Structure formats: structure tokens, C-alpha cells
Amino acid sequence: MRLSSQSESSSNIAFKPSQIVCLEHTDQRLFSEVIQTVEATQICWVRPLLLIQSTSCFSVGIEEETSRLYDLRQGADLLLPATLFRVAFDTEVIPLLTMLNNLDELDSNHSKHHSKLNQLIQQVCLAQKA
């Protein structure tokens with residue numbers, strides 16, 4: 001599981017405001033903007049931007065990966081341990097932000113999107129307790 005390796009390798013994290021970070025868990029990646037990092041407690045205040053969920057599909061012997069993008073820009077900020085995050089690469093974020101800006105208005109079901117975020121945070125918290 002990726003969470004434990006991130007926690008072990010990042011004991012002193014100092015993200016900068018406006019930096020884009022990524023929280024990875026199973027088949028999901030949460031991209032957020034850093035608002036502030038409290039170094040004394042290693043807590044990161046982030047503003048979620050988007051959640052991408054990837055799934056692998058097998059059809060007639062062909063493996064295909066599909067992704068679902070959730071717009072989280074209208075939601076609440078989060079306070080989470082900084083060790084859960086890594087710096088996001090420009091090459092992974094820019095295409096996703098472009099896709100996010102091009103989403104069809106019909107796909108802007110914010111309550112569904114934030115429900116997915118809540119599920120992810122619950123899964124991450126349960127994984128951290130284990």
C-alpha cells in the first residue's frame with residue numbers, strides 16, 4: 001500500500017502555499033492545492049481540486065484503463081497529515097486540469113463528487129488505523 005511508504009519516507013514535509021499535491025489510495029488520486037502546512041504538527045491544509053478514479057477493464061482479452069474525473073473545486077477544505085501527500089508533477093496535473101475545465105455541464109453533480117471524496121477520506125483514515 002502506498003500510504004505507508006509515503007509516511008516512512010517523509011518525516012519533515014514543508015509544502016508551499018499554492019503547490020499542487022497528490023494523495024494516492026488504491027485506484028484513486030486526489031489532487032489538491034496547499035493552503036498552509038503546519039510544520040510543528042505536520043498537518044496540511046488543502047483545497048481539493050479533483051479526484052480521479054481509474055479502473056481496469058478486461059474485454060475480449062484486451063486490458064483497458066478507464067478513468068473517472070470528479071470536480072471538487074466547489075467543496076470544503078481538508079486538514080490531513082502532510083505525510084499522506086506527495087508533490088504532484090506538472091505533467092500529470094496540467095492534462096487533468098484541462099480535462100476538468102472541459103467537463104460537460106451535465107456532469108457537474110457536485111453532491112455525487114463530494115460523496116466520492118468523503119468515501120476516499122474514510123478509506124484513507126481506516127488504512128491509517130491499520
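Predicted model only: the values in this text are computed from it and were never measured. Computation of the quantities below employed the complete heavy-atom set of this structure, encompassing side-chain atoms and omitting hydrogens, waters and symmetry-equivalent molecules.
For the pair L96 and L50, the minimum side-chain heavy-atom distance is below 4.5 Å. A heavy-atom distance below 4.5 Å is not found between the side chains of T37 and I43. E33 is listed as a side-chain neighbour of S18, based on a closest heavy-atom distance under 4.5 Å. Using a 4.5 Å heavy-atom threshold, the side chains of L49 and D71 count as separate. For the pair L78 and L30, the minimum side-chain heavy-atom distance is below 4.5 Å. At least one side-chain heavy atom of V87 sits less than 4.5 Å from a side-chain heavy atom of Q19.
In this structure, the separation between CD1 on I52 and OG on S67 is 4.0 Å, given to the nearest 0.5 Å. Between atom CG of residue L72 and atom NE2 of residue H113 there is a gap of 8.0 Å, rounded to the nearest 0.5 Å. Here the straight-line distance linking atom CG of L117 with atom OG of S32 works out to 8.0 Å at 0.5 Å rounding. Note that the CD atom of Q122 and the NE2 atom of H25 stand 11.0 Å from one another [nearest 0.5 Å].
Annotation: cation-pi geometry not satisfied between R29 and F31 (NZ/CZ under 6.0 angstrom from ring centroid, within 45° of ring axis).
When every heavy atom of H114 is checked against every heavy atom of G75, the shortest pair comes out as CE1-CA, 3.2 Å. Taking each heavy atom of D90 and P95 in turn, the nearest pair found is O-CD, 4.0 Å. Nearest heavy-atom pair across L51 and K116 is CD2-CB, 3.8 Å. Shown here for A76 and P48, the closest heavy-atom pair between the two residues is O-CD, 3.4 Å.
M99 and V93 fall within a single hydrophobic cluster, where Ile, Leu, Val, Met, Phe, Trp and Tyr side chains are chained together by heavy-atom contacts under 4.5 Å. Taken together through direct or relayed side-chain contacts under 4.5 Å among Ile, Leu, Val, Met, Phe, Trp and Tyr, I121 and F85 form part of one hydrophobic cluster. Clustering ILVMFWY residues whenever any of their side-chain heavy atoms sit less than 4.5 angstrom apart, transitively, puts L100 in the very cluster that holds I20.
Neither side chain, Q28 nor Q119, offers a donor N or O lying under 3.5 Å from an acceptor on the other.
Put simply, the residue from V34, I35, T83, L80 that forms a side-chain contact (heavy atoms from CB on, under 4.5 Å) with C44 is V34.
By the salt bridge (Lys or Arg N to Asp or Glu O under 4.0 Å) test, D77 pairs with R47, sequence neighbours left out.
Salt bridge R86/E92: present, at least one basic N to carboxylate O contact under 4.0 Å.
The local environment of CG in N101 is crowded, with over 12 non-hydrogen atoms from other residues, nucleotides or ligands closer than 6.0 Å.
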